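Note that the structure is a prediction, hence the values are computed from the model and not measured. We count ligands from 1, going down the list as the structure has it; atoms in each ligand are counted the same way.
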Amino acid sequence: MDVEVKERSADDLFKEFKEVSITEFFRKNKAHLGYSGKLRSLTTVIHELVTNSLDACEEAGILPEIEVEIRQIGEEHYRFFERDNGPGIPVGHISNVFAKMLAGTKFHRNVQLRGQQGIGVSGVTMFCQMTTGKPMRIKTSTGDGKVHNVKLMIDITKNNADVIEQSEYSEYWRGTEVEGEVKSVKFNLSDQGPFEYLRRTALANPHAKITFIDPEGRKTGFERSVDVIPKPPESQKPHPKGIEVDDLVNMSKATKASKISSFLVGEFSRMSSAKVKEIQEVIGKEKKEVKGLMVDVYKVDMNWNPRKLTWAQCEEIVKAIEKIKFLAPASEGLQPIDEEHIKKAVLNILDPEFQVVLTRPPKVYSGGIPFQVEVALAYGGHAGRPNETGIRAEVMRFANRSPLLFDTGGCALTEAVKEVDWKRYGVKDFENSPITVFINLISTHIPYTSAGKQTVAYEAEVVKEIKFALMDVGRKFQIFYSRQRREGEKEARRQMLLKYGTELAEGLSKLSNNSPDPKKIYKELIALVEEKIKLANELEMLEDGDEEGGEVPVEEAEAVGEEKEEA
Ligand SMILES: Nc1ncnc2c1ncn2[C@@H]1O[C@H](COP(=O)(O)OP(=O)(O)O)[C@@H](O)[C@H]1O
Ligand SMILES: [Mg+2]
């Protein structure tokens, strides 16, 4: 039976055409923000709040003291508190911070912080409101003697705050406290839960003091192992090599500079007037009629007004930049945790038999984005991850010091670990060894695959760096491990010789008519064994020395198009 389909006009169809707010989008697609799964959703809430506290303290030069509390108030229903001793939030900004998506102090600054897009904490407000219909409560003060209390929700259609209650009182206190309620979530102590998240956060932030009170009322304190406040991260101007036509068009429209040359020099790093000239030359000249004469003129004259640049001209500039060499981006803005600090933190938390930590020099990916890799390998002690069948290897991934607990597969950091041939370094069965591998990737822009920020995209330069670092710690582990194995073998041999020593001495003594007597022979035998072991040790030390100075990863030549900094 044929169904008669009635035609509809375009006008009729377009009655439903309307703009959606960003908040509305994320409400329908909350998994993009990490709100999928009961456990993951709760960890995401804690992650967003704690990263903000750490970022704020770091920027303000404050040693962070953070407290997280989770209370169960019903079936899959929890209340959370997160407090920091940070700089606080000025009263006029509270509603935008907590109830406006894509609003924050970090986007567009090219700075190594944990937050990037300005959707983290408004995402928390949204999640609370979606699962419980209740507002978030914020208490904050900048230390000016006034404490502000605000209860708010998000007006989804407007991507704006709906302030439900606001009050203030006088008290000298500084910091921020956030309280909210969530439903359809679950707390547990597994690898992906809030407890593990905070444990790892403490590991990568040894300057932070973090206290956690779990739903059973148990209090865990992750004490700081270093008292040094990390240098505040510096914002960086974009590097020319990382720029796309669209960025250049937007920047040129917004600039206050009067000439293209001063615009380029002023708003990009590593750009000099010599480089501007070079760009002009590379773009080249064209014939133009001037007062009836055909003359050669620059296609893009660097004295022109940048606000009048067309898309095609910006494209020419970007193409020219691709052909020119620039100094690599400045890496002073990058803030590694530091080898000594990682060592202390790893010892503090894993207490391993062996550990090695390594910070690689800064590098660049995608032409212009600086990044740096830190890795550590711990063996024995509390390293590895226990399960029913024994201890398994554990890979701890961090991006700008934030733990990445989810979406392990497909992450560039996991891939790099997989690509290392661990057998070469004496680890016969990596998966089933008491090993913890720690990787911290820092960058002014971490190439996450989504707004949920749990997976790092496979950037070849980044993976290569991590692999080099892992191979290096692998070699150090090999030296330790083979030494440990040899020690074991030597001890077994020694015990064997000593065990049969008495019988051997007696036999030898008998053969030589009891002169010298067995006791004397035994004594000499022992001396002989110890001497042999001592010799073997000395020989090994010599060999190890060779090994340490030996094979180093062969690095491919530096990325093309990268100029070396002059001394
Ligand atoms: N605990 C806090 N203390 C001080 N400032 C905060 C705090 N939490 C959030 N902020 C401010 O709110 C902004 C928005 O936070 P968020 O939505 O998580 O985005 P992002 O961290 O990506 O910038 C931050 O950029 C920061 O300026
Ligand atoms: Mg944030």
Side-chain angles (χ1 to χ4, degrees), residues 21-23 25-27 30 32-35 43-69 80-129 136-144 147-150 152-154 159-161 173-180 197 201 205 208-210 232-233 235 399-404 443-446 448 450-454:
S21 82
I22 167 87
T23 331
F25 171 79
F26 277 122
R27 190 169 68 94
K30 60 186 188 336
H32 284 306
L33 297 182
Y35 298 104
T43 305
T44 300
V45 168
I46 304 304
H47 156 78
E48 292 299 348
L49 299 172
V50 169
T51 47
N52 281 351
S53 292
L54 288 169
D55 277 349
C57 286
E58 217 151 279
E59 284 214 272
I62 295 167
L63 266 181
E65 256 169 55
I66 296 173
E67 201 173 294
V68 176
E69 188 177 343
F80 61 82
F81 299 81
E82 195 261 1
R83 309 178 186 97
D84 68 42
N85 62 338
I89 299 162
V91 61
H93 290 279
I94 300 174
S95 46
N96 280 348
V97 163
F98 293 93
K100 194 179 195 67
M101 287 201 170
L102 296 182
T105 48
K106 301 163 202 168
F107 197 76
H108 265 136
R109 268 206 305 150
N110 272 323
V111 64
Q112 178 204 325
L113 283 169
R114 299 160 184 82
Q116 287 182 349
Q117 296 110 328
I119 39 183
V121 78
S122 6
V124 175
T125 312
M126 192 191 69
F127 187 68
C128 290
Q129 152 174 352
M136 281 239 285
R137 186 186 63 79
I138 298 107
K139 173 178 141 185
T140 185
S141 176
T142 55
D144 60 355
V147 181
H148 303 275
N149 256 312
V150 179
L152 50 71
M153 294 178 84
I154 303 185
N159 182 27
N160 255 342
W173 172 77
R174 195 202 58 217
T176 301
E177 177 183 290
V178 183
E179 179 191 340
Y197 177 83
T201 301
N205 297 273
K209 177 177 179 207
I210 302 175
S235 308
N400 284 354
R401 298 180 172 209
S402 274
L404 310 176
S443 175
T444 51
H445 180 84
I446 302 277
Y448 291 112
S450 81
K453 298 197 288 190
Q454 286 293 321

- Task: Before signing off on this row, confirm whether Asn52 and ligand 1 have an N or O atom pair separated by under 3.5 Å.
- Result: yes
- Does any N or O in the side chain of Lys453 come within less than 3.5 Å of the main-chain N or O of Arg114, such that one atom is a donor and the other an acceptor? yes
- Task: Answer with side chain, backbone, both or neither: which part of Ile89 has a heavy atom less than 4.0 angstrom from an atom of ligand 1?
- Result: side chain
Distance-only criterion, 3.5 Å: show the donor-acceptor pairs between side-chain atoms of residues 85-95 and protein atoms not counting sequence neighbours.
| residue | atom | partner | partner atom | Å |
| --- | --- | --- | --- | --- |
| Asn85 | OD1 | Glu65 | N | 2.9 |
| Asn85 | ND2 | Leu63 | O | 3.0 |

- Task: May I ask you to check if ligand 1 and Val97 share an N or O to N or O distance below 3.5 Å?
- Result: no
- Pair Arg83-Glu69, side chain to side chain contact (heavy atoms under 4.5 Å, CB included): steps then yes or no: CA-CA 9 Å; Arg83 309 178 186 97; Glu69 188 177 343; 3.7 Å; yes
- Which segment of Leu49 sits under 4.0 Å of ligand 1 when only heavy atoms are counted: neither
- Query: By number and element, which atoms of ligand 1 are closer than 4.0 Å to a non-hydrogen atom of Ala56?
  - Reply: 3 (N), 4 (C)
- Message: Please verify the inter-ring angle class for Tyr197 with His47; under 30° counts as parallel, over 60° as perpendicular, anything in between as tilted.
- Response: perpendicular
- Query: Do any of the N, O or S atoms of Asn52 sit under 2.8 Å from the Mg ion (ligand 2)?
  - Reply: yes
- Query: Is the His32 ring parallel, tilted or perpendicular to the Phe25 ring (thresholds 30°, 60°)?
  - Reply: parallel
- Message: Using only atom types and a distance under 3.5 Å, with no angle test, would you say the side chain of Glu48 pairs donor to acceptor with the backbone of Gly123?
- Response: no
- For Lys453 and ligand 1, does the shortest N/O to N/O distance drop below 3.5 Å? no
- Query: Considering only heavy atoms of Asp84, which atoms of ligand 1 have at least one such atom less than 4.0 Å away?
  - Reply: 1 (N), 2 (C)
